[in-house]
Amino acid sequence: MSLPDRFDIAGESRIYERWLDAGCFHAEARRSVRAGGDREPFTIVMPPPNVTAILHLGHGLDNIAQDVLIRWARMSRQETLWVPGTDHAGIATQNVVEKLIAKEGKTRFDLGRDAFVRRTEAFVAETGGTILRQLRAIGVSADWSRTAYTLSPALSRAVREAFVRLHQDGLIYRGHRVIHWCPRCLTSLSDEEAEFHDETGALYHIAYRISGGADRASGTRRALTIATTRPETMLADVALAVNPADERYRDLVGATVVLPILDIEIPIIADEYADPAFGTGVVKITPAHDANDFEVGRRHGLAMPVVIDANGVMAEDASSTGRVPDLVRGDDRVVARRKIVQALQDSGALVTTESHQHAVRHCYRCDTVVEPRLSDQWFVTMAPLAAPALAGLRSGAIRILPQKWEGVYVHWLENIRDWNISRQLWWGHRIPVWYCKECDPPYDVHVSRTDLTACPRCDGPVRQDEDVLDTWFSSWLWPLSTLGWPDEKAEDLRAFYPTDVLVSAPDILFFWITRMIMSGYYFAGRSPYHTVLLHGIARDAEHRKMSKSLGNGVDPIDVVRLYGADALRWTLVSGMGLGSDILLDPNDLEKTFAPGRNFVTKLWNIGRFLLDKAGTAPVTPLRNIDANQLHRSDAWILSRLDAAVAECDDAFGPLRPVTPASGPDPVRWTDAERGSGMRLNDLAESARRFVWSELADWYVEAIKGRVIEGGADGEVARAVLVHVFDAALRLLHPIVPFVTEEIWRQLPTHTEGTFLASAAWPTGDRAAGDRAAGDRAAGDRAARAHEFDLVREAVGAVRQIRSEYAVPPGKHIDAVAVVNGATRDIARVFTEEADLVERLSRTALRVSDAAPQGAAAHAVLSGGTSLVVPLADLVDVDKECARLRGELAALEKQYVALEARLSNEKFVSKAPPDVVDGERRKLAAWSARRQQLRDKVQTLCVS
RNA sequence: GGGCGAAUAGCUCAGUUGGUUAGAGCGCCUGCCUUACACGCAGGAAGUCGGGGGUUCGAGUCCCUCUUCGCCCACCA
């Protein structure tokens with residue numbers, strides 16, 4: 001059997017199907033040590049994409065990072081579970097469906113709640129889950145049998161349980177206050193959902209005429225000037241506030257001013273909230289339309305008239321009769337602002353307008369400027385939940401990579417604010433609260449795990465709260481609910497909770513990641529994971545964030561079609577530096593993804609060489625090869641493999657913390673472990689370098705002759721090649737699973753029905769052959785491996801010289817290794833490896849104790865041997881002399897500096913002995929080289 | 001406004017507790033269709049380690065300062 005010329009990317013889906021058929025991605029709870037099995041569990045819960053989402057590069061990045069970890073864990077013989085699923089995505093999905101019915105000229109209110117929810121369910125049933133299918137195309141190895149959905153009955157049960165428990169524990173309450181309101185989505189938002197954007201607006205200075213009590217004022221002041229960015233809210237002003245310590249206005253406290261336009265009198269009050277240093281030191285108080293003013297209003301028992309309605313339109317209600325003039329009634333707040341400013345200007349009340357830079361909150365789903373709105377909402381008291389989450393990070397039970405985010409996490413938790421969890425939407429989990437109309441007092445609140453049809457107390461009719469819960473109130477339970485909580489005996493919960501790693505972009509650190517930690521501690525007593533891995537985001541060549549609106553995105557499915565999933569994965573993983581964003585050029589997919597495709601092809605071609613030239617006959621296991629039969633190149637590649645495995649292990653770091661700890665989490669990260677591992681780009685680079693620069697460039701080239709010739713020695717080379725390549729495929733499988741699986745199944749060592757996806761991760765152990773032969777052989781092998789480095793060095797030096805003197809590739813020339821008594825071992829290496837050197841460099845190498853006469857190029861090899869290539873008629877003497885003189889001058893300069901350093905007593909006495917020794921050896925080598933160069937210049941250039 | 005991080009080759013980044021002549025990938029230049037691979041092979045050029053000051057025998061690495069970017073948070077109306 002042999003491989004086709006190219007790896008067929010169209011065959012990736014067939015490989016995926018084979019994995020599915022074999023159940024490679026399925027986890028068994030009973031195999032977990034926590035459930036009586038014999039394997040450590042390793043679990044990741046996938047950040048659930050919105051159920052209506054289409055795969056974009058952000059998902060790709062996130063899931064590929066997880067897949068690399070999951071495949072590594074699986075190969076490391078962990079009972080590996082990756083839980084996939086989707087999020088019902090309250091606002092987002094509702095918005096999508098609203099847009100859909102808007103095309104039919106309808107609003108959700110035309111349909112009514114039940115019909116709208118049914119319509120949304122139908123839409124989700126029809127289009128939902130597309131993204132999960134797309135994830136398969138990029139090789140995501142999740143356990144699809146456990147696919148979860150936040151709005152499923154099972155997860156809804158968890159949501160209700162969480163709400164009821166928190167309520168029973170007094171951590172959920174109904175609050176009347178000013179919250180963030182999106183006038184487009186018609187719902188309240190949490191602090192996190194109202195995002196700040198810096199904007200340049202205007203700061204309007206408005207004069208309020210002093211009307212009452214002014215005669216007590218000492219000055220001649222007639223008016224107070226305030227500054228505001230939102231003049232339209234002045235219609236709801238109920239006071240002006242000054243700081244009680246502010247001398248300028250002390251005598252005005254208690255006086256009244258006239259509110260412009262409306263001509264109503266409002267008091268001047270004293271409150272700490274007014275900052276004497278800002279503006280004029282006077283601030284207008286609008287309790288219903290500003291969160292701070294609300295607090296001031298509450299402190300002073302002020303009225304709270306509302307002049308802007310839910311749609312962001314100027315309107316009166318019972319609280320604000322007479323406060324919205326015809327001028328602006330029915331106008332959008334933006335229009336109203338213009339009109340109010342004009343009216344103020346006309347009446348002379350507008351003192352001045354200045355440009356003002358400030359941060360304005362926007363709805364995170366639709367980007368509308370949010371409106372502070374007075375309303376009743378359900379809140380979660382967060383401080384008690386935050387405490388264990390903080391302690392978990394501080395004790396080392398949790399780590400966040402990159403670690404700079406740990407400070408951000410701590411800061412947020414230390415300043416945590418209560419969480420508004422009610423949303424005035426129809427798509428989501430209905431709040432499990434029922435109000436009784438008949439009870440005394442009326443509207444008594446009943447919170448229940450089951451739907452209520454009658455009041456539990458008076459058996460009267462009840463009405464369920466109209467609102468739904470924040471989407472994140474279901475997703476913050478994800479690691480628990482997907483594993484079966486609240487059933488504490490659930491098999492999966494016992495076997496796989498706590499999970500291990502949470503992978504995400506940093507933008508949902510507070511929305512989701514931190515809240516999951518809080519719910520994990522609260523409901524299960526343990527952090528849901530020990531590692532949070534935050535990767536960067538995808539940006540284009542100009543470093544702009546990829547986004548739909550900019551149209552600068554890369555469609556992962558396009559990339560899969562054009563270059564294959566492995567090429568996509570390779571590019572993303574190798575660009576995934578810890579803490580850095582990943583840059584991709586959407587206008588040049590070839591440039592961006594060719595390196596991945598090229599690497600896949602390189603792997604494929606090594607496979608082709610192996611199968612074409614080494615054949616598919618059963619191969620001798622490496623452990624049956626006598627260590628004495630190993631050539632220097634064999635020993636070398638085996639030691640390079642060991643190094644590569646060690647590097648890859650370092651790149652991943654430890655699977656989990658194991659150091660015992662006190663507190664709720666039994667183990668913790670040590671300081672040394674805490675920042676280690678999760679360097680997936682290092683993994684890619686280490687594996688690539690091994691395969692390409694060492695295995696392909698040197699080992700395969702070195703053994704070609706032996707393998708093609710066959711025989712006993714050919715079989716030794718073949719055994720080593722198969723062993724090393726097999727291990728390399730294992731190291732690379734987490735990154736490029738498709739091509740490695742396809743090659744691996746054709747290796748002579750492959751057993752029908754086995755998969756690389758569930759094969760063992762290579763151990764950093766010395767190769768099996770050495771263990772059998774003992775430490776002595778291992779030592780010999782290390783020495784022989786080192787000798788191959790001399791061969792590589794000689795080949796490199798000769799190539800360099802040939803290139804420098806433009807010796808035609810086909811022309812065979814000679815080289816002489818000049819050795820003396822001290823370098824006899826090296827002489828033996830060159831004598832024995834002369835054929836190899838000649839094949840790799842097209843240059844015959846012989847050993848001599850004297851340099852040949854005449855023009856020649858020199859190279860100094862480690863060990864002190866000098867390599868001399870007679871140039872005969874190849875050299876341009878003038879050019880060579882110029883080069884030699886340049887080299888000599890550079891060397892002299894460095895030599896003098898080093899000599900001075902070594903004659904510095906402080907250096908010799910204070911620097912570590914090995915450093916000093918190293919410098920001395922270097923000086924000796926330079927000395928020899930200098931002499932050599934001087935001799936060369938003498939013989940060649942003095943004419 | 002508060003806090004955090006970054007600045008090293010044209011680009012993207014490594015550089016462990018200060019210690020050989022600062023590295024890699026991509027790009028660039030030169031030569032090669034050498035019996036797996038031109039999606040390849042071999043060789044090469046290229047950096048005052050953001051500026052300034054300090055500590056030290058020795059600083060890309062430690063300290064101070066300035067500049068420029070980035071991120072998180074925040075009720076200065």
What nucleotide among [options] has an atom nearest to a side-chain atom of [X]?
| X | options | answer |
| --- | --- | --- |
| Phe278(A) | A77(B), C72(B), U35(B) | A77(B) |
| Ser580(A) | G25(B), A77(B), C13(B) | C13(B) |
| Phe510(A) | A74(B), C57(B), C72(B) | C72(B) |
| Trp692(A) | C41(B), C57(B), A36(B) | C41(B) |
| His411(A) | C73(B), A36(B), A77(B) | C73(B) |
| Arg417(A) | C73(B), C75(B), G19(B) | C75(B) |
| Asp275(A) | C76(B), A36(B), A74(B) | C76(B) |
| Leu203(A) | A24(B), A77(B), C41(B) | A77(B) |
| Val700(A) | C41(B), A36(B), A77(B) | A36(B) |
| Thr601(A) | C39(B), A77(B), C32(B) | C39(B) |

Pick the [atom1] atom in [N] and in [M], then give their distance to the nearest Å.
| N | M | atom1 | value |
| --- | --- | --- | --- |
| C72(B) | C28(B) | P | 35 Å |
| C32(B) | G18(B) | P | 50 Å |
| G54(B) | G58(B) | C1' | 15 Å |
| C11(B) | C75(B) | P | 39 Å |
| U20(B) | A45(B) | C1' | 24 Å |
| A59(B) | U55(B) | C1' | 10 Å |
| U61(B) | U8(B) | C1' | 12 Å |
| G50(B) | U67(B) | C1' | 8 Å |

Sugar-phosphate, base or nothing in reach of [X], heavy atoms under 4.0 Å:
| X | value |
| --- | --- |
| Arg6(A) | base |
| Asp697(A) | sugar-phosphate |
| Val408(A) | sugar-phosphate |
| Arg839(A) | nothing |
| Arg901(A) | base |
| Ala359(A) | base |
| Ala227(A) | base |
| Trp405(A) | sugar-phosphate |
| Arg799(A) | sugar-phosphate |
| Gly675(A) | nothing |

*Is a donor-acceptor contact shorter than 3.5 angstrom present between the side chain of Lys910(A) and the base of C57(B)?*
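When only heavy-atom distances are counted, Lys910(A) does not reach the base of C57(B) through any donor-acceptor pair under 3.5 Å.
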
*Distance-only donor-acceptor test (3.5 Å): side chain Glu701(A), base A42(B)*: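 Such a pair does not exist between side chain and base.
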
[X] side chain near [N] phosphate (N/O to OP1/OP2, under 4.0 Å):
| X | N | answer |
| --- | --- | --- |
| Lys811(A) | U34(B) | no |
| His543(A) | C69(B) | no |
| His356(A) | A77(B) | yes |
| Asn598(A) | G40(B) | yes |
| Lys613(A) | A36(B) | yes |

In whole Å, I'd like the distance from the [atom1] atom of [X] to the [atom2] atom of [N].
| X | N | atom1 | atom2 | answer |
| --- | --- | --- | --- | --- |
| Phe599(A) | G40(B) | CZ | P | 12 Å |
| Asp237(A) | A77(B) | CG | C1' | 11 Å |
| Tyr273(A) | C76(B) | OH | C1' | 7 Å |
| Lys404(A) | C71(B) | NZ | C1' | 6 Å |
| Asp612(A) | C37(B) | CG | C1' | 11 Å |
| Leu572(A) | U12(B) | CG | P | 18 Å |
| Gln800(A) | U30(B) | CD | P | 19 Å |
| Asp585(A) | C26(B) | CG | C1' | 13 Å |

Assess, by modelled atom type and distance only, whether the side chains of [X] and [Y] contain a donor and an acceptor separated by less than 3.5 Å.
| X | Y | answer |
| --- | --- | --- |
| Arg802(A) | Ser841(A) | no |
| Glu673(A) | Ser676(A) | no |
| Glu195(A) | Tyr364(A) | no |
| Asp237(A) | Thr286(A) | yes |

_Given Asp581(A), which partner from the list Arg539(A), Arg544(A), Lys545(A) fulfils the salt bridge (Lys or Arg N to Asp or Glu O under 4.0 Å) test?_
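That would be Arg539(A); it is the only one of Arg539(A), Arg544(A), Lys545(A) passing the salt bridge (Lys or Arg N to Asp or Glu O under 4.0 Å) with Asp581(A).
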
Salt-bridge present ([X], [Y]; N to O < 4.0 Å):
| X | Y | result |
| --- | --- | --- |
| Glu406(A) | Arg674(A) | yes |
| Arg839(A) | Glu701(A) | no |
| Arg299(A) | Glu272(A) | no |

_Can you tell me how far apart OG1 (Thr280(A)) and CG (Asp246(A)) are? Round to the nearest 0.5 Å._
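So the gap between those two atoms works out to 9.0 Å.
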
_Strand RNA chain B in bracket notation, Watson-Crick/G-U under 3.5 Å with | for pairs to another chain_ = (((((((..((((.....[...)))).(((((.......))))).....(((((..]....))))))))))))....

_Testing the basics here: between Ser355(A) and Thr200(A), what is the closest heavy-atom pair and its distance to 0.1 Å?_
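Residues Ser355(A) and Thr200(A), closest heavy atoms: OG-CG2, 3.4 Å.
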
_Assuming nearest nucleotide by heavy-atom distance, tell me which of Pro276(A) and Glu192(A) is located more 5' along RNA chain B._
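It is Glu192(A), whose closest nucleotide lies nearer the 5' terminus.
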
*Of His358(A) and Leu583(A), whose nearest nucleotide on RNA chain B comes first from the 5' end?*
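Looking at the nearest nucleotide for each, Leu583(A) comes out on the 5' side.
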
*Has Arg799(A) got its NZ or CZ under 6.0 Å from the middle of the six-membered ring of Trp698(A), at an angle within 45 degrees of the ring axis?*
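So Arg799(A) does make the cation-pi contact.
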
*Going through the checks in order, is the side-chain contact (heavy atoms from CB on, under 4.5 Å) test met by Asp540(A) and Leu584(A)?*
CA-CA 5 Å; Asp540(A) 69 12; Leu584(A) 305 166; over 6 Å; no

